[in-house]
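Down below is the structure, laid out as structure tokens.
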Amino acid sequence: MLVLLSSILIPCILYSSQPTNNLYAKYYDHPNKWTGAGANFLGRVIHTRTFTSINTSNYNPAGRGDYWSVVIEGYIYAPQNGTYRFRTLSDDGIRVIIDGTTVINNWTDHAPRYDYGSRSLQTGWRRLRIEMYEWGGGARLQFAWRPPNQSSYSYPPSNYLSQTLPDTTAPTLSNVSITSDNSTATLAKANDDVTLTFTASEAIGTPVVTFRSGGDVITDGSVVYSNTSGNTWTAVYTANASDTDGAVTYSIAFNDTTGNAGTAVTSGSGSVTTDTTAPALSGVSIASDNTTATLAKAGDNVTLTFTASKSISTPTVTF
């Protein structure tokens with residue numbers, strides 16, 4: 001059972017923030033001529049190296065001229081959807097495996113020769129494995145491609161190669177909410193703090209939130225950002241008497257630690273309206289229910305009437 005398991009290749013996908021711009025190669029002191037495609041190679045690793053482009057002639061790993069093999073692994077980036085054509089120049093056996101599918105397979109002893117294969121790929125990073133063995137005589141290995149709409153073969157650009165799978169997933173935000181520390185959480189007067197809270201789907205750098213009040217940029221230019229716990233953040237500003245009255249709006253710009261930009265978020269739960277204008281009274285009048293409205297004797301009701309310029313709390317009148 002142990003022997004059986006050791007012959008099965010179990011890919012281990014490692015993630016990196018950025019492409020490494022190369023592929024990783026392991027050379028073995030065993031030719032692996034009878035090893036199946038994609039399986040673990042037998043023998044001892046005698047040499048390792050990286051490739052930014054693959055083109056070697058009579059390579060002698062650790063001084064070993066014949067009876068060796070090499071596995072070159074990593075990821076290759078497909079910049080667009082379509083059919084990709086691949087070409088190898090090899091002496092001896094060669095196999096090219098993309099996302100688990102063998103696209104070139106000439107696992108035989110042969111003089112230097114070209115072999116071809118193709119595969120339809122979707123845009124993105126595809127797993128790549130190149131296998132080659134050297135049996136005797138000269139050794140040759142070259143790998144090239146023809147992406148869609150390209151008329152000739154070339155080496156894949158190094159920035160399309162990576163030993164590990166780069167992170168290309170943009171972050172997202174959830175639980176976005178806004179509130180004020182005013183006694184009425186949906187209102188903000190001068191010196192009230194307005195707090196925007198949100199949670200990112202992964203670690204992000206310090207976000208940038210653009211607040212507007214009544215359609216105009218807020219007066220407070222020093223928004224305070226805090227990573228309160230995990231991937232949850234707050235952005236807080238202090239309302240100013242110079243802020244334009246009206247609804248508070250926002251736009252959150254953010255990137256993950258790799259540099260992938262999330263789509264700006266401009267809405268969530270809750271609302272805050274800036275109100276920095278003091279209320280005024282008009283139509284103020286006083287009268288008594290005495291038969292002479294300007295006089296009041298014991299038992300008469302004196303009534304003060306007024307109209308506020310906006311909604312107010314119950315006023316306090318000192319007579």
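All values below come from the heavy atoms of this structure, side chains included, with hydrogens, waters and symmetry mates left out. These numbers were taken from a predicted model, which means no experiment stands behind them.
When only modelled atom types and interatomic distance are considered, Y77 and N159 share no side-chain donor-acceptor pair under 3.5 Å. Side-chain atoms of T266 and S251 include no donor-acceptor pair closer than 3.5 Å. Defined by atom type and a distance below 3.5 Å, a donor-acceptor pair is present between the side-chain atoms of T123 and N81. No side-chain N or O of D193 forms a donor-acceptor pair with one of Y237 less than 3.5 Å apart.
Of all the heavy atoms in F254 and V265, the pair that sits closest is CE2-CG2, 4.1 Å. Considering all non-hydrogen atoms of both residues, T169 and D167 come closest at N-OD1, 3.0 Å. Shown here for A25 and I72, the closest heavy-atom pair between the two residues is CB-CG1, 3.8 Å. Annotation for N260 and A170: closest pair CB-CA, 4.0 Å, computed over non-hydrogen atoms. Closest of all the heavy-atom pairs between I286 and F319 is CD1-CE2, 4.2 Å.
In this structure, the side chain of D243 does not engage the main chain of S213 through any donor-acceptor pair within 3.5 Å. A donor-acceptor pair under 3.5 Å links the side-chain atoms of S162 to the main chain of T164, judged by distance alone. Judged by distance alone, with hydrogens and angles left aside, the side-chain atoms of T20 form a donor-acceptor pair with the main-chain N or O of Q163 at under 3.5 Å. Under the 3.5 Å distance criterion, the side-chain polar atoms of E202 are left unmatched by any main-chain donor or acceptor of I204. No side-chain donor-acceptor contact under 3.5 Å links T88 to the backbone of S90. Looking at N227, its side chain does come within 3.5 Å of a backbone N or O of T232 through a donor-acceptor pair. With hydrogens and angles disregarded, a donor-acceptor distance shorter than 3.5 Å links the side chain of E131 to the backbone of G38. In terms of modelled atom types and a separation under 3.5 Å, the side chain of D289 and the main chain of N301 share a donor-acceptor contact. Side-chain atoms of S226 never come within 3.5 Å of backbone atoms of T228 as a donor-acceptor pair (strictly under, hydrogens ignored). A donor-acceptor pair under 3.5 Å links the side-chain atoms of D256 to the main chain of G259, judged by distance alone.
Annotation: side chain of I130 is in contact with side chain of F143 (closest heavy-atom distance under 4.5 Å). Looking at K189 and D275, their side chains never come closer than 4.5 Å, going by heavy atoms from C-beta outward. Side-chain contact between Y27 and S69: absent, with no pair of heavy atoms (C-beta onward) separated by less than 4.5 Å. For the pair S288 and K297, the minimum side-chain heavy-atom distance is 4.5 Å or more. Using a 4.5 Å heavy-atom threshold, the side chains of Y225 and V208 count as touching. You'll find the side chain of F211 reaches within 4.5 Å of the side chain of L196, heavy atoms only. For the pair L89/L141, no side-chain contact is recorded, criterion being any heavy-atom separation below 4.5 Å from C-beta on. Within the 4.5 Å cutoff, side-chain heavy atoms of L23 are placed close to those of L128.
Listed by first and then second residue, the ring pair (Phe, Tyr, Trp, His ring centres under 6.0 Å) pairs involving residues 265-305 amount to none (not counting sequence neighbours).
Under the 6.0 Å distance and 45° angle rule, R49 counts as a cation-pi partner of F51. A cation-pi contact, defined as under 6.0 Å to the ring centre and within 45° of the axis, is absent between R129 and Y24. Seen from the ring of W107, K33 does not count as a face-on cation partner, given the 6.0 Å and 45° thresholds. Because its NZ or CZ atom is not both nearer than 6.0 Å to the ring centre of Y84 and within 45° of the ring axis, R119 does not count as a cation-pi partner of that residue.
Once rounded to the nearest 0.5 Å, the distance linking CG of D92 with CE of M132 reads 6.5 Å. Taken to the nearest 0.5 Å, the CG atom of L121 stands 8.5 Å off from the CD1 atom of I76. Residue S242 holds its OG atom at 11.5 Å from CG of D220, rounded to the nearest 0.5 Å. Taken from CG in N106 to OG1 in T108, the straight-line distance is 3.5 Å, to the nearest 0.5 Å. Note that CG of N290 is 4.5 Å distant from CG of D300, once rounded to the nearest 0.5 Å. Considering CZ of R87 and OG of S118, their distance stands at 14.5 Å, rounded to 0.5 Å.
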Full working for side-chain contact (heavy atoms from CB on, under 4.5 Å) between F86 and D115: CA-CA 8 Å; F86 302 93; D115 288 288; over 6 Å; no

W135/Y67 under ring-ring contact (aromatic ring centres under 6.0 Å, His included): CA gap, chis, key distance, verdict: CA-CA 5 Å; W135 190 249; Y67 308 113; 5.0 Å; yes

side-chain hydrogen bond (donor to acceptor under 3.5 Å, both in side chains) evaluation trace for T52 with S158: CA-CA 5 Å; T52 55; S158 61; over 6 Å; no

Stepwise side-chain contact (heavy atoms from CB on, under 4.5 Å) test for Y133 and W34: CA-CA 10 Å; Y133 78 80; W34 296 277; over 6 Å; no

Check against side-chain hydrogen bond (donor to acceptor under 3.5 Å, both in side chains), N21 and Y160: CA-CA 7 Å; N21 297 335; Y160 284 1; over 6 Å; no

Worked check of side-chain contact (heavy atoms from CB on, under 4.5 Å) between I97 and V103: CA-CA 6 Å; I97 304 168; V103 297; over 6 Å; no

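Salt bridge D99/R127: absent, no basic N to carboxylate O contact under 4.0 Å. By the 4.0 Å N-to-carboxylate-O rule, R64 lies too far from D66 to be salt-bridged with it. The residues D29 and R44 are annotated as salt-bridged, a charged nitrogen and a carboxylate oxygen being separated by less than 4.0 angstrom.
Partners of N231 under the side chain to side chain contact (heavy atoms under 4.5 Å, CB included) rule, at least two apart in sequence or in another chain, are A200, A203. Take D216 and apply the side-chain hydrogen bond (donor to acceptor under 3.5 Å, both in side chains) test, not counting sequence neighbours, and it matches T244.
Screening N191, D245, D192, N240 for a side chain to side chain donor-acceptor pair (under 3.5 Å) involving T276 leaves a single residue, D245.
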